Every structure is written in structure tokens, then in C-alpha cells.
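Taking it in order: structure first as C-alpha cells, then the write-up.
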Amino acid sequence: MKNILTFITFLLSILTINGQDIAEICAVYTYTYPNYKEEGKMKTKEMTLLANSTDSKWFNRMSEYCDSMCSTPQGRKQLQDIQFAAWVEFGADGSISVNKNNNAPEKQVYQYIYTNSQELSVYDKLGEQMSTYTEPYQEMEWEIVSDSTLNILGFECMMATTSYHGRDWKVWFTLDVPVMFGPWKLRGLPGLILKADANGGFAFEAKEVGRISERMLPIYPGVNYEKVDRKKALADHQYLMSHLESIRSASAGIALPPGFKEPEYLPKHAIECDY
């Protein structure tokens with residue numbers, strides 16, 4: 001209880017701080033989602049939310065590190081050298097193999113989401129295109145279920161529900177951290193969202209929440225993002241994922257093995273399935 005009271009006091013003191021791009025809250029989440037290549041199995045990724053009273057940023061720390069390295073020619077070469085040293089193995093017979101089980105920085109998550117009180121901006125790789133689009137902040141409507149509570153990381157949380165882009169969401173938020181953001185695109189409640197579940201097996205759960213003073217950096221230069229229509233981009237992404245091996249094999253001039261069947265990526269595998 002003492003930690004929560006201290007946290008509340010700190011938060012109240014930061015509401016008047018100037019500089020909207022400075023985050024005062026950092027929450028780390030585990031994101032769980034279906035593995036479309038293995039039906040019935042799930043995958044997880046670690047994601048980070050930076051937020052203050054008016055703005056937020058959702059991203060993956062390792063991906064941002066790789067983007068920062070690749071934003072300059074020198075940094076890109078340094079990252080490639082690190083990856084080469086870790087992954088490329090030379091056999092005694094002169095053979096060369098790649099072993100990505102050896103640790104090295106690698107960008108695996110492309111998504112960045114920036115949110116303020118007016119709109120939400122998404123940067124992501126959809127299909128083969130580095131894409132960006134915006135949507136209005138007030139698109140999400142909530143129903144608060146005040147008599148359903150949960151304790152998460154020592155914070156008392158209330159439940160709220162909403163339907164958004166094809167899925168029904170149930171979330172738990174805490175008034176002890178009065179910021180209107182949460183994992184992914186979830187936002188608009190009077191406190192930080194610490195846990196969220198949707199039909200189809202999609203889930204977010206905070207594993208760390210703390211105070212911080214960190215700039216919410218913009219997208220690093222070096223990548224050209226094309227403005228897209230969200231639904232069309234998601235449909236294009238579905239097509240690519242369902243034909244990925246065929247496209248790669250055709251590009252390399254290599255035939256797939258007889259009888260090879262690609263795993264099918266369907267709307268049920270996408271967190272937004274309203275396209």
C-alpha cells in the first residue's frame with residue numbers, strides 16, 4: 001500500500017511537467033497470440049508502453065535498438081558485424097551454416113504505435129510494405145464493470161469491456177496510475193490498463209510497471225513508410241502470409257517440395273479481423 005501511495009503522489013506531481021514527449025510511466029507487457037503455423041499453439045513477445053498524461057508509445061525495445069543502429073551507415077555495418085559473428089558458423093570441412101539460436105540483436109517486431117488525445121498513429125510492416133496510418137482517438141467505446149475487480153502487481157483494477165475492430169475485449173485498469181493508455185491500441189479509460197483478453201486467444205498482461213523519465217523517441221530515419229488504408233493493408237498482409245513460401249521460392253527460382261502445403265493465415269489469426 002505504501003508503494004501505491006508513493007506512486008500516486010509521484011503521478012500527481014508530474015501532471016504539470018512540460019514536454020509532452022517525456023514519458024513518466026513505463027509498463028512492460030507479455031503479448032500472447034495464436035501461432036498460425038501451428039494450430040492450437042501460442043506465441044509470446046515482450047512489448048513496452050511509455051506514457052504520460054497526454055501521450056503514449058507502444059514498441060519493442062530490441063526492435064528500436066536495431067532501428068537506431070540501422071539509422072546510420074556505420075551503425076548498420078556494426079549491427080551486421082555483430083550478427084555475422086554470432087550466427088555464421090564455419091565447419092571443419094569448409095561448410096558455412098547459419099545458427100540464429102546464438103544471441104545477437106535482431107528486429108522481429110515492426111510495430112510502433114503513438115497515441116495522443118486526438119489520434120493514434122501506427123507504423124508497421126503489413127504485407128511487404130512498411131506502412132503507416134492514423135485513426136481517431138475516440139473510436140473506442142467502453143463499458144465499465146465496477147463490481148468486477150482484480151489485483152495485478154499490487155494495483156487494484158476494475159474491469160471494462162469494448163468491441164473493437166472485430167474482437168470483444170475485456171480489460172482491467174487501475175485508477176492508481178491515472179494515464180488513459182494501455183497495451184497495443186487499447187486506450188480511453190481513466191487509468192492504466194494492466195491486463196487485456198480478447199476472443200481468439202489474444203492477450204496482454206503487465207509484468208512490470210514503474211516510474212521513468214524517458215523521451216518517447218520518434219521513428220528513426222532510414223525507413224520509408226507509405227500511407228495505407230488499414231483494412232486493405234491487413235487484407236494484403238493476410239495474402240502474403242498465406243503464400244509466403246511460394247513467393248520466396250518463386251523469387252529464388254526454387255521449386256517447393258511436391259505436396260508442400262503452406263500454413264493458411266486467416267482473419268482469426270489477426271488481432272484486428274474486421275477487414
Side-chain angles (χ1 to χ4, degrees), residues 4-31 47-60 111-123 133-165 167-198 202-218 230 271-272:
I4 291 178
L5 290 174
T6 303
F7 204 88
I8 294 172
T9 302
F10 169 79
L11 286 170
L12 292 174
S13 71
I14 66 175
L15 295 181
T16 58
I17 293 177
N18 293 324
Q20 292 183 343
D21 64 344
I22 301 299
E24 289 94 13
I25 300 300
C26 177
V28 179
Y29 295 81
T30 299
Y31 171 36
M47 301 293 291
T48 297
L49 175 73
L50 299 179
N52 58 31
S53 60
T54 58
D55 302 271
S56 74
K57 175 184 176 181
W58 173 256
F59 67 110
N60 174 269
Q111 188 176 84
Y112 293 85
I113 300 176
Y114 296 85
T115 312
N116 57 41
S117 57
Q118 283 76 46
E119 66 179 14
L120 175 148
S121 300
V122 178
Y123 298 82
Y133 63 87
T134 61
E135 58 188 71
Y137 178 85
Q138 299 297 342
E139 193 177 14
M140 194 170 287
E141 297 182 358
W142 294 99
E143 180 178 344
I144 295 177
V145 187
S146 57
D147 60 349
S148 181
T149 61
L150 191 65
N151 189 291
I152 302 172
L153 299 177
F155 296 99
E156 288 299 318
C157 300
M158 288 191 293
M159 191 176 85
T161 60
T162 191
S163 294
Y164 179 71
H165 290 180
R167 297 203 178 275
D168 297 324
W169 285 92
K170 183 186 298 182
V171 310
W172 286 263
F173 68 97
T174 178
L175 298 175
D176 295 331
V177 188
V179 297
M180 55 187 175
F181 306 109
W184 185 54
K185 295 182 176 183
L186 303 174
R187 76 275 185 186
L189 287 164
L192 179 67
I193 298 170
L194 294 178
K195 180 178 171 64
D197 295 309
F202 294 88
F204 300 94
E205 184 161 4
K207 62 179 186 178
E208 298 175 28
V209 179
R211 299 177 292 179
I212 200 169
S213 179
E214 179 179 335
R215 188 179 173 215
M216 290 182 271
L217 295 170
R230 180 183 67 86
I271 192 169
E272 296 172 283

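Computed over heavy atoms, backbone and side chain alike; hydrogens, waters and symmetry mates excluded. Quick caveat: nothing in here was measured; it's all calculated off a predicted structure.
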Take the angle between the ring planes of Tyr114 and Tyr123 and call it parallel below 30°, perpendicular above 60°, tilted in between.
perpendicular
Using 0.5 Å steps for rounding, measure from the CH2 atom of Trp142 to the CE atom of Met159.
11.0 Å
Partners passing side-chain contact (heavy atoms from CB on, under 4.5 Å) against Leu150 (at least two apart in sequence or in another chain):
Ile152, Trp172, Lys195
How would you list, by chain and number, every residue that makes a side-chain contact (heavy atoms from CB on, under 4.5 Å) with Ser213, sequence neighbours excluded?
Ile22
How far does CG of Asp176 sit from CG of Leu153, to the nearest 0.5 angstrom?
12.0 Å
Determine the minimum heavy-atom distance between Leu175 and Pro190, stating which atoms define it.
CD2-O, 3.6 Å
Pairs flagged by salt bridge (charged side-chain N to carboxylate O under 4.0 Å, His left out) wherever residues 142-153 is involved - sequence neighbours left out:
none
Looking at side-chain heavy atoms only, is the closest gap between Tyr112 and Ser121 below 4.5 Å?
no
I need the minimum non-hydrogen distance between Met216 and Asn52, along with the two atoms involved.
CE-ND2, 3.6 Å
Between the side chain of Lys57 and the main-chain N/O of Leu217, is any donor-acceptor distance below 3.5 Å?
yes
Does Met47 reach the side chain of Trp184, with side-chain heavy atoms less than 4.5 Å apart?
no
Rounded to the nearest 0.5 Å, what separation is found between the CG atom of Asp197 and the CD atom of Glu205?
8.0 Å
Which heavy atom in Leu192 sits nearest to a heavy atom in Gly182, and how many Å separate them?
CD1-CA, 4.5 Å
For a 4.5 angstrom cut-off between non-hydrogen side-chain atoms, does Met180 reach Thr115?
no
Val179 versus Glu24: any side-chain heavy-atom pair under 4.5 Å?
no
Counting only pairs under 3.5 Å, give me each side-chain donor-acceptor contact of residues 134-141, with atom names and distances, residues two or more places apart or in other chains.
{"from": "Glu135", "atom 1": "OE1", "to": "Lys185", "atom 2": "NZ", "distance (Å)": "3.0"}
{"from": "Glu135", "atom 1": "OE2", "to": "Tyr164", "atom 2": "OH", "distance (Å)": "2.2"}
{"from": "Tyr137", "atom 1": "OH", "to": "Gly188", "atom 2": "N", "distance (Å)": "3.2"}
{"from": "Glu139", "atom 1": "OE2", "to": "His165", "atom 2": "NE2", "distance (Å)": "3.1"}

Least distance between heavy atoms, Thr174 atom then Phe155 atom
OG1-CB, 3.8 Å
Lys170: partners by side chain to side chain donor-acceptor pair (under 3.5 Å), with sequence neighbours left out:
none
What pairs with Asn151 under side chain to side chain donor-acceptor pair (under 3.5 Å), at least two apart in sequence or on another chain?
Glu156
Once rounded to the nearest 0.5 Å, what's the spacing between atom CG of Leu189 and atom SG of Cys157?
11.0 Å
Ring pair (Phe, Tyr, Trp, His ring centres under 6.0 Å) for Trp58 and Phe181? Distances and angles first, verdict last.
CA-CA 10 Å; Trp58 173 256; Phe181 306 109; over 10 Å; no
Close side-chain approach of Ile113 and Leu120, heavy atoms under 4.5 Å:
yes
Using 30° and 60° as the class limits, which term best fits the ring planes of Phe204 and Tyr31: parallel, tilted or perpendicular?
parallel
Non-hydrogen atoms of Asn116 and Glu119 that approach each other most closely:
OD1-N, 2.9 Å
Backbone of Ile271 reached by a side-chain donor or acceptor of Arg167 within 3.5 Å:
yes
